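These notes concern the structure reproduced below.
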Amino acid sequence: MERTFLMVKPDGVQRGVIGDIVARFERKGFQLVGAKLMQVSRELAEQHYAEHKERPFFGELVEFITSGPVFAMVWEGENVIATARQMMGKTNPQEALPGTIRGDFGLTVGKNIIHGSDSKESAAREIQLFFKEEELVSYSKLM
Ligand code: CMP
């Protein structure tokens, strides 16, 4: 079954929307298989955002993601990578539609509430970066 990595960023944690975000993915029918509230180190942030290393906003990105606790999660379900990105809305909250997470809660592209893997390859990479195998569970969904 497909898995994705989702992370409520420091602004989402501060705004108190972890519960709302988790509820959206639960209601949709996805399954939570790993989660933790954690402080991202500079080293982990640089690894996570390695593909953006040359971008002018890289420093800002690392500063922000290490500025306070994040809520890291692994979700499982059919087509969860693409569907979660639809539910998150566009990267820039000003372009994200109402009804999406960023459309409902976000204001600026730097502080856009949530991160989600954009492909199977990034999902695999990000999950192993943030979670040890034994921190993830596997269980059958009864409904
Ligand atoms: P995320 O999905 O975490 O992946 C990369 C992040 O870079 C993205 O969300 C945005 O928060 C951030 N980002 C993208 N463009 C800009 C920008 N122009 N200025 C600052 N941050 C940006």
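Just so it is clear, the values below take in all heavy atoms, side chains as well, and ignore hydrogens, waters and symmetry mates. All values derive from a computational prediction rather than experimental measurement. Atoms within each ligand, like the ligands themselves, are counted from 1 in listed order.
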If you measure every N/O of Glu60 against every N/O of ligand 1, is any gap under 3.5 Å? no

Go through ligand 1 atom by atom and flag the ones less than 4.0 Å from a non-hydrogen atom of His115. 1 (P), 2 (O), 3 (O), 4 (O)

Just let me know how Lys9 lines up against ligand 1, side chain, backbone, both or neither, with a heavy-atom cut-off below 4.0 Å. side chain

Quick one: does Phe64 get within less than 4.0 Å of ligand 1, heavy atoms only? no

Side chain, backbone, both or neither: which applies to Asn92 and ligand 1 if a contact is any heavy-atom pair less than 4.0 Å apart? neither

Surrounding CD of Gln14 (heavy atoms of other residues, nucleotides or ligands, distance under 6.0 Å), is the total greater than 12? no

Ring-face cation of Lys36 near Phe131 (centre distance under 6.0 Å, axis angle within 45°): yes

Any nitrogen or oxygen of Val109, main chain or side chain, under 3.5 Å from a nitrogen or oxygen of ligand 1? yes

Ionic contact status for Lys111 with Glu60, cut-off 4.0 Å: no

For ligand 1, which atoms have a heavy atom of Gly110 less than 4.0 angstrom away? 11 (O), 21 (N)

Assess the pair Phe130 and Phe5: is the distance between their ring centroids shorter than 6.0 Å? yes

Do the charged groups of Asp20 and Arg24 touch, with an N to O distance under 4.0 Å? yes

Within ligand 1, which atoms have a heavy atom of Leu61 less than 4.0 Å away? 6 (C), 7 (O), 12 (C)

